[in-house]
Amino acid sequence: QVQLVESGGGLVQAGGSLRLSCAASGFTFSRYAMAWLRQAPGKERELVAAISWSGEMTYCADSVKGRFTISRDYTKNTMYLQMNSLKPEDTAVYYCIADQHSGMGPEYDYWGQGTQVTVSS
């Protein structure tokens, strides 16, 4: 059974940092691209960052470029999103994604349950 379990969300002040983790199981982690999506109330879903199955290619949305870093650890079957210099507009539910293709969407194979990130001003 495929499981993607996010952790690390919470409440932080603007300018602060959080690190999200996504623990993967039930599929061959090294063969899937991974990604983080977010959705804020009343806003469209946004692809925040993606990383290829090999880890050699990464993507970050312009809105987070220079502040967020995506990475993956094959020994732990875990993906991370390091979020620095957080802004109130980063407030959203963040979802972990596993995808057999590029991880760039618009469709994805597996979703986590989501973790709330709230940035106070």
Side-chain angles (χ1 to χ4, degrees):
Q1 181 180 358
V2 172
Q3 283 194 310
L4 297 171
V5 181
E6 301 102 332
S7 61
L11 174 64
V12 65
Q13 288 188 331
S17 298
L18 285 173
R19 189 177 79 156
L20 304 184
S21 299
C22 172
S25 61
F27 64 100
T28 305
F29 181 72
S30 60
R31 295 182 181 177
Y32 280 71
M34 302 292 292
W36 291 97
L37 274 69
R38 69 184 180 186
Q39 186 153 28
K43 295 187 177 180
E44 291 188 358
R45 187 178 70 190
E46 179 185 15
L47 174 63
V48 176
I51 186 166
S52 64
W53 62 269
S54 68
E56 292 180 348
M57 292 185 292
T58 62
Y59 162 84
C60 278
D62 287 343
S63 58
V64 305
K65 199 167 291 183
R67 300 188 297 121
F68 291 11
T69 302
I70 189 170
S71 62
R72 62 192 298 168
D73 184 335
Y74 297 93
T75 65
K76 297 180 179 179
N77 283 2
T78 300
M79 174 181 63
Y80 303 98
L81 186 68
Q82 179 66 45
M83 306 187 294
N84 298 328
S85 302
L86 282 160
K87 304 176 181 179
E89 51 263 44
D90 294 319
T91 295
V93 177
Y94 284 69
Y95 296 93
C96 170
I97 300 296
D99 185 49
Q100 283 189 300
H101 304 289
S102 67
M104 299 296 289
E107 296 184 353
Y108 302 96
D109 291 300
Y110 305 119
W111 292 72
Q113 82 285 355
T115 186
Q116 177 71 45
V117 171
T118 303
V119 184
S120 63
S121 57

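Worth knowing before you read on, the calculation uses all heavy atoms, side chains too, and leaves out hydrogens, waters and symmetry mates.
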### Task
Scan side-chain atoms only and decide if Glu6 and Gln113 contain a donor-acceptor pair under the 3.5 Å cut-off.
yes
### Task
Could you tell me whether Lys76 atom NZ has more than 12 heavy atoms of other residues or ligands within 6.0 Å of it?
no
### Task
Kindly work out whether a path of hydrophobic side-chain contacts (I/L/V/M/F/W/Y, heavy atoms less than 4.5 Å apart) joins Val117 to Leu4.
yes
### Task
Determine the minimum heavy-atom distance between Ala50 and Met104, stating which atoms define it.
CB-SD, 3.9 Å
### Task
Going by the side chain to side chain contact (heavy atoms under 4.5 Å, CB included) test, name the single residue among Ile70, Val64, Ile97 that passes it with Val48.
Val64
#### Entry: From CA spacing to verdict: side-chain contact (heavy atoms from CB on, under 4.5 Å), Phe68, Leu81
CA-CA 7 Å; Phe68 291 11; Leu81 186 68; 4.1 Å; yes
### Task
Over all heavy atoms of both residues, which pair between Leu86 and Arg67 is shortest? Give the atoms and the distance, please.
CA-NH1, 3.8 Å
### Query
Within 45° of the ring axis of Tyr80 and under 6.0 Å from its six-membered ring centre, is that where the NZ or CZ of Arg19 lies?
yes
### Query
Under 4.5 Å between any side-chain heavy atoms of Trp36 and Cys22, yes or no?
yes
### Query
Are the side chain of Thr91 and the backbone N or O of Glu89 linked by a donor-acceptor pair below 3.5 Å?
no
### Query
Ion pair present between Lys87 and Asp90, side-chain N to carboxylate O less than 4.0 angstrom?
no
### Task
Starting at OG of Ser21, measure out to CD of Gln82 and round the result to the nearest 0.5 Å.
9.5 Å
### Query
Parallel, tilted or perpendicular: which describes the rings of Phe29 and Phe27, with under 30° parallel and over 60° perpendicular?
tilted
### Message
Can you see whether Ser30 engages Thr28 through a side-chain donor-acceptor pair at a distance of less than 3.5 angstrom?
### Response
no
### Query
When the ring planes of Tyr110 and Tyr32 are compared, do they come out parallel, tilted or perpendicular, using 30° and 60° as the limits?
tilted
#### Entry: Audit row: Arg38, Tyr94, side-chain contact (heavy atoms from CB on, under 4.5 Å) steps and yes/no
CA-CA 4 Å; Arg38 69 184 180 186; Tyr94 284 69; 2.8 Å; yes
### Message
On a heavy-atom basis, which atom in Leu18 and which in Gly8 lie closest, and how many Å separate them?
### Response
CD2-O, 3.7 Å
### Message
What I'd like to find out is whether the side chain of Arg31 reaches to under 4.5 Å of the side chain of Trp53, using heavy atoms alone.
### Response
no
### Task
Using atom types as modelled and distance alone, determine if a side-chain donor or acceptor of Thr118 lies under 3.5 Å from a backbone N or O of Leu11.
no
#### Entry: Closest approach of Gly103 to Ala33 (non-hydrogen atoms, all atoms of both residues)
N-CB, 3.8 Å
### For Leu47 against Ala35, the heavy-atom pair lying closest together
CD1-CB, 3.9 Å
### Query
Out of curiosity, Arg72 CZ to Thr58 OG1, how far, rounded to the nearest 0.5 Å?
11.5 Å
#### Entry: Glu46/Ser63 under side-chain hydrogen bond (donor to acceptor under 3.5 Å, both in side chains): CA gap, chis, key distance, verdict
CA-CA 10 Å; Glu46 179 185 15; Ser63 58; 2.7 Å; yes
### Task
Mind listing the closest non-hydrogen atom pair of Ile51 and Met79 along with its distance?
CG2-SD, 4.4 Å
### Message
Assess the residue pair Cys96 and Met34 against the criterion (side-chain contact (heavy atoms from CB on, under 4.5 Å)); give the C-alpha distance rounded to whole Å, side-chain angles, the decisive distance to 0.1 Å, and a yes or no.
### Response
CA-CA 7 Å; Cys96 170; Met34 302 292 292; 3.8 Å; yes
### Verify same cluster id: Leu37, Val93 (apolar side-chain graph, 4.5 Å)
yes
### Message
For a quick check under 3.5 Å, do Asn84 and Ser17 share a side-chain donor-acceptor pair by atom type?
### Response
yes
### Message
Tell me whether Asp109 contacts the main-chain N or O of Gln100 through its side chain, where contact means a donor paired with an acceptor under 3.5 Å.
### Response
yes
### Task
Starting at CG of Asp99, measure out to OH of Tyr108 and round the result to the nearest 0.5 Å.
7.0 Å
